[in-house]
Amino acid sequence: MNAVPRDVTPVSGTAPSLGDRLWRRLGGVAFGGDYNPEQWPAETRAEDLRLMAEARVNLVTVGVFGWARVEPARGAYDFSFFDQVLDDLHAHGITADLATMTASPPPWLAHEHPEILPVTADGTVLGPGGRQHFCPSSPVYRERAALLAERLAEHYRGHPALGMWHVGNEYGCHIPACYCDVSADDFRRWLRERYADDVEALNDAWSTDFWSQRYASFDHIRPPRVAPTYPNPAQQLDYLRFSNEALRACFDLEAGILRRVTPDVPITTNFLMGLKAVDVFDWAPRLDVVAVDSYPDPHDERPHLLPGLVYDTMRGAGGGDPWILMEQAPSAVNWRARNAIKQPGQMRLWSWQAIAHGADAILYFQWRQSRGGAEKFHSGMVPHAGADSRVYREIAALGKELASVPDLAGTRVRNQVAILLDWNSWWALELDSHPSDGVRQEDRLLDHYGPLFDLGVGVDVVPPSADLSGYALVVVPNLYLLSSEDARRVTAYVSGGGALVVSFFSGIVDEHDRVHLGGYPAPLREVLGVRVEEFSPAAEHETFPVRGYGALADLEGVADLWREDLQLAGAEPEMAFDSQGWAGRPAVTRHEYGEGTARYLSTRLDAATMRAILGRALAEAGVTPVVAGLPAGVQASVRDGAGRRFLILLNHTGDKHDITLPREWTDALAPSGEGIDVVTLPPSGVAVLRAVQ
Ligand code: GLA
């Protein structure tokens with residue numbers, strides 16, 4: 001593959017980053033998938049290589065579940081099978097994202113050391129026979145995993161096919177936390193470190209005077225196992241933090257070895273869409289390239305929204321760098337109750353969607369659909385029917401299509417709007433015994449993300465600690481846990497001229513899940529110009545009419561889920577509740593603060609009303625859609641850099657749409673050099689346009 005010029009600023013100094021090296025090696029947008037050749041005989045593997053070349057595959061993840069084959073008995077390493085695989089891949093110009101093979105310990109390890117098996121909060125020991133059956137704190141598991149990673153690194157150091165290391169696989173997917181005695185010991189060690197060996201500091205942070213939980217010693221602390229009633233929330237929160245770090249320690253251990261033995265080989269691991277257990281913002285700086293697995297449900301009403309949100313989070317976590325769509329299904333998955341196929345064109349559309357959000361690699365799980373095992377009904381790029389199939393034809397066509405625009409890779413997505421997301425807040429938000437169990441992180445994020453998508457603006461999802469100064473608008477959906485320091489940063493952003501939108505149940509507790517006192521949301525009261533004494537969550541199907549004020553007098557909507565009897569302390573109302581007993585009480589407020597403005601939403605607005613409010617905030621902040629006047633459900637994204645500029649149009653609807661464009665664009669997929677007036681997008685259609693230089 002020829003390298004193409006890339007607009008990637010090295011992370012430090014002048015040396016290209018390791019991620020940059022990978023991208024240079026791969027050239028254009030990479031294409032491929034998980035390749036599990038150990039499941040197939042030699043003649044099938046020979047066909048694999050032929051078909052991969054035909055489909056323009058240039059990157060495959062190999063060996064994710066290879067441990068039992070390369071170490072069939074303790075210490076009896078045998079890499080001969082994968083030697084052949086890597087040699088063959090190299091001979092066909094395909095780069096290997098070689099797994100450290102530690103995601104599924106071999107049967108002999110669980111047999112010799114049953115203490116590595118994970119335990120749930122109710123004490124159930126999870127047996128082998130599936131995968132990921134290890135306690136992340138287990139010294140035995142860690143030792144065997146480290147030995148394997150070291151042997152692999154030494155063995156494959158310098159192999160020409162080795163382009164990247166794939167550490168573990170989807171950490172935390174099946175075992176987000178383990179509650180065994182080994183984990184309990186590790187938790188106590190972690191707490192001693194966190195609270196500087198001061199049990200009084202822990203008592204304070206965990207509010208242990210409540211329910212007589214005061215600890216006399218760290219030795220008395222256990223994981224928050226199943227208890228007669230709600231376990232201490234600060235203890236639960238710390239356990240989520242600890243579990244994230246226990247998993248991260250497994251990653252770090254292997255990554256440290258790989259960096260020592262093969263310092264030139266970039267390292268990744270694959271995050272998973274919607275996974276709460278792993279704090280992506282915390283892990284991402286440890287990876288050379290961010291990678292994610294994305295499995296939207298084609299049965300969903302708007303299946304593209306959650307992936308969009310996740311992709312914007314991945315780009316945010318990687319500081320805007322290109323990222324890898326490490327896994328998606330070529331068609332159906334096997335693990336939902338009803339597994340919808342991707343309809344013709346949908347796989348192509350959703351692959352281009354990832355590119356529109358900044359991905360430079362489109363990969364799948366998996367190359368060839370398994371014949372046996374739990375995932376035999378999970379689609380593959382080469383399905384059971386073989387290459388003479390719709391799925392393979394669509395795959396091969398997309399591979400060729402991506403290869404036809406190599407200089408798209410390396411361009412960047414740039415947005416003016418940020419949504420704040422914080423894993424600590426997500427963990428705390430979804431603990432028990434809250435005013436309403438309806439305030440769930442992902443749904444509330446989508447309440448904000450969906451209308452912004454409909455308004456045609458791109459979004460970066462970033463943590464509250466990010467540099468916000470470059471954003472015209474910052475949206476804060478239900479950021480329940482907010483440290484005083486982060487609240488000050490958000491406040492400073494507004495006083496410096498930024499525009500802010502904050503939704504209810506934000507800024508409620510500190511990092512120990514202790515309420516910020518003096519009226520909610522205490523650390524944001526000043527910037528928002530409001531004060532709340534009491535929450536008033538709605539019954540399950542209860543709704544409240546809302547109505548606009550002043551310029552918004554014509555705006556009528558419906559809210560649900562939550563409301564608050566808001567006191568104005570400097571803010572002006574923009575909308576109010578309109579139901580008996582609540583008529584005139586503010587539902588949406590706007591506050592001019594310093595050089596900027598801050599809006600507060602004390603309820604959950606219906607999507608159309610949310611669009612109206614966010615539309616006003618965007619207009620005030622001077623943010624315009626990527627392309628004005630697009631039909632609902634048609635997405636536009638621009639990727640640019642190094643003198644190149646692309647417009648990607650995605651039709652997420654079932655209807656055909658004609659999109660009128662200024663003639664500065666040409667077709668990037670069928671280049672004729674002709675300026676284009678109108679693009680016709682069939683249902684699920686994609687257009688990739690190149691700016692006329
Ligand atoms: C995850 C795993 C893969 C496979 C797929 C199936 O993403 O990483 O090994 O199990 O799910 O959807």
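When a residue number appears, it is its place in the shown sequence, counting from 1. Each ligand, and each atom within it, is numbered from 1 in the order the structure gives.
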Indicate the ring-plane relationship of Tyr239 and Phe242, choosing parallel, tilted or perpendicular according to the 30° and 60° boundaries.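 Plane angle between 30° and 60°, so tilted.
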Atom indices of ligand 1, in the order listed, that fall short of 4.0 Å to a heavy atom of [X]:
X      : value
Asn169 : 2 (C), 8 (O), 9 (O)
Glu170 : 1 (C), 2 (C), 7 (O), 8 (O)
Asp293 : 7 (O), 8 (O)
His378 : 6 (C), 12 (O)
Phe65  : 9 (O)

Does Phe31 have its ring centroid less than 6.0 Å away from the ring centroid of Tyr364?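 Yes, the ring centres sit under 6.0 Å apart.
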Can you find a pair of side-chain heavy atoms, one from Glu115 and one from Ser138, that are under 4.5 Å apart?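 Sidechains of Ser138 and Glu115: no contact.
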Among all protein heavy atoms, pick the one closest to [atom] and tell me residue, atom and distance.
atom                    : answer
atom 2 (C) of ligand 1  : Glu327 OE1, 3.3 Å
atom 10 (O) of ligand 1 : Glu375 OE2, 2.3 Å
atom 9 (O) of ligand 1  : Arg131 NH1, 2.9 Å

Ring-face cation contact, Trp40 with Arg368, 6.0 Å cut, 45° max: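 Flagged: Arg368 positioned over aromatic ring of Trp40.
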Around atom CZ of Phe81, are there more than 12 heavy atoms from other residues, nucleotides or ligands closer than 6.0 Å?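 Yes, the 6.0 Å shell around CZ holds more than 12 heavy atoms from other groups.
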Distance-only side-chain donor-acceptor flag, Gln132 / Ser104, under 3.5 Å: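 Checked: Gln132/Ser104 side chains show no N/O donor-acceptor pair below 3.5 Å.
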Does either side chain, that of Glu170 or that of Asn270, offer a donor lying less than 3.5 Å from an acceptor on the other one?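 Note: Glu170 and Asn270 side chains miss the donor-acceptor criterion.
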Within the structure, is a non-hydrogen atom of Gln366 found at a distance of less than 4.0 Å from ligand 1?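 Judged by the 4.0 Å heavy-atom criterion, Gln366 does not count as contacting ligand 1.
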Where on Val64 is there a heavy atom closer than 4.0 Å to ligand 1, on the side chain, on the backbone, on both, or on neither?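 Looking at Val64 and ligand 1, no heavy atom falls under 4.0 Å.
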